[in-house]
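So you know, we letter chains A, B, ... as the sequences are listed, proteins then strands, and number each from 1. Heavy atoms only: backbone and side chains are in, while hydrogens, waters and symmetry mates are out.
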There are 2 protein chains.
Amino acid sequence: MEHTPIACSHHDHNHCISDALEAARQLCVGRGVRLTDLRLQVLELIWQNHKPLGAYTLMEMLAKANTRRVAPPTVYRALDFLLEQGLIHRINVLNAFIGCPSPTTKHQSHFLICRACGIAIELDQPQLSQQIIGVAQDAGFQVESQSLEVSGLCANCAGNTEHDGHGHE
Amino acid sequence: MEHTPIACSHHDHNHCISDALEAARQLCVGRGVRLTDLRLQVLELIWQNHKPLGAYTLMEMLAKANTRRVAPPTVYRALDFLLEQGLIHRINVLNAFIGCPSPTTKHQSHFLICRACGIAIELDQPQLSQQIIGVAQDAGFQVESQSLEVSGLCANCAGNTEHDGHGHE
DNA sequence: TCAGCTATGTTACTCTATAACCTTTCATCT
DNA sequence: AGATGAAAGGTTATAGAGTAACATAGCTGA
């Protein structure tokens, strides 16, 4: 059964942003960690779209957004915090960062990455995580984290817009 | 059924090296591409052990090995060639490169990476590749390449040396 | 021998990330 | 309120990874 992901379809992205920021606020309050102005702003910028952003791109955006000129360590510290809290994921193949739509549920980093439009679609496939853990166990390997990065063409860019009638509008 | 991988067990690593180099020679002859001295030497250095090596580490090793002092582009071109031919894989999470034990069969890049001893174990799980392709297809995504990098502790480092009696000597 | 292609050498630079140290901010205790 | 200690952010410099652009060398085939 095919199902075009939200990131690939037309959608009210303001909802994505506000939901993510609200979830982040609640998560941080619940854990007793501080979602400072800077961290919130970085998270907001990352959520501007569904494309992973590099740290230096974020620095430029911060500079443009509010004459707040920050140096690399500042951005990286904010990113480290967001990574630790599971609010963003790192896309290794792109040296870039993307918002996590479900930061409260512990899960692995599994992504589909479109080489044409640049979007990254997070997968939610616990049974895939389990299968990977199983394969690792067969080798006596104790899994701590998984990074699956699948490159190719998303539904829109591959021209597969007819899949469920909502693909490309 | 558990099975400690070769890379984790004591083994005659000279065999790994000579097998890999011989396979590379044959593969290049068969394809009509040139396995030059430099490319061969880089491949040999990469095969010194089962740990991924960074490009700059390779540069140092080249300098030590034969007073052949090479600049970054030289190493990266050799690495690009070896990647194109499938003789090595890139480990994104480490910005490093590792030899491929089965360059003749087309396959995806699936690795277990030990954070303690640094070895990377290549998985050979076609059904896992297939499952990933299936998950992607459900999202209308057309897969071109996969990168699975599982971090954790290998059989030796986790202390699981009793798995099949050959784990740690 | 010449032309053309492939591989390598060289210089300079971009992009990504961190070390080390200093200052500010904030929460808490008295 | 004021002191205090920890956490966050600012600043400078540098390390690490990768590439652009151009020059040279070496093979290959007419």
Separation of atom CG in B:Leu79 from atom C1' in D:dG16, rounded to whole Å = 15 Å
query = Can you check the A:Ile91 CD1 to C:dT16 P distance for me, whole Å?
reply = 15 Å
remark   = What residues 36-57 of chain B contributes to the DNA chain C interface at heavy-atom separation below 4.0 Å is B:Thr36, B:Leu38, B:Arg39
key: Between C1' of D:dG9 and CG of A:Leu35, the distance in whole Å   = 15 Å
ask   = Rounded to the nearest Å, what distance is computed from the CG atom of residue B:Leu58 to the P atom of nucleotide D:dG16?
value = 15 Å
message = So, using ring-ring contact (aromatic ring centres under 6.0 Å, His included) as the criterion, who are the partners of A:Phe111 when residues are at least two apart?
response = A:His89
query = In whole Å, what is the span from the OH atom of B:Tyr76 to the P atom of C:dC13?
reply = 19 Å
side-chain hydrogen bond (donor to acceptor under 3.5 Å, both in side chains) against A:His110, all qualifying residues, sequence neighbours excluded = A:Gln146
note = Residues pairing under salt bridge (charged side-chain N to carboxylate O under 4.0 Å, His left out) where one sits in residues 32-61 of chain B, two or more places apart or in two chains, turn out to be none
message = Suppose the criterion is salt bridge (charged side-chain N to carboxylate O under 4.0 Å, His left out): which pairs have a residue in residues 6-28 of chain A, not counting sequence neighbours?
response = A:Glu22-A:Arg25
key: Aromatic ring proximity A:His13/A:His11, centre distance under 6.0 Å   = yes
5′-ward residue of the pair B:Arg69/A:Leu94 relative to DNA chain C = B:Arg69
remark   = From the candidates C:dG9, D:dG10, D:dT19, the one with an atom nearest any side-chain atom of B:Val70 is C:dG9
task = Would you indicate, yes or no, if D:dG10 has its OP1 or OP2 atom less than 4.0 angstrom from a side-chain nitrogen or oxygen of A:Thr74?
result = yes
request  = Round to a whole Å and report the spacing from CG of A:Leu62 to P of D:dG9.
outcome  = 12 Å
Distance-only check: which donor-acceptor pairs under 3.5 Å involve side-chain atoms of residues 72-87 of chain A, not counting sequence neighbours?
{"residue": "A:Gln85", "atom": "OE1", "partner": "A:Arg31", "partner atom": "NH1", "Å": "2.8"}

key: Selection residues 108-121 of chain A - residue pairs positive for salt bridge (charged side-chain N to carboxylate O under 4.0 Å, His left out), sequence neighbours left out   = A:Arg115-B:Glu144
Nucleotide D:dT19, atom P - distance to CG of B:Asp80 in whole Å = 7 Å
task = Let me know the distance between CE of B:Met59 and P of D:dT19, rounded to the nearest Å.
result = 14 Å
key: Non-neighbouring partners of B:Gln108 that pass side-chain hydrogen bond (donor to acceptor under 3.5 Å, both in side chains), sequence neighbours left out   = none
request  = Evaluate the side-chain proximity of B:His107 to B:Asp124: yes if any heavy-atom separation is below 4.5 Å, no if none is.
outcome  = no
request  = By nearest nucleotide on DNA chain D, pick out whichever of A:Val33 and B:Ala96 is the more 5' one.
outcome  = A:Val33
Protein-nucleic acid N or O pairs under 3.5 Å, nucleotides 20-26 of chain C:
none

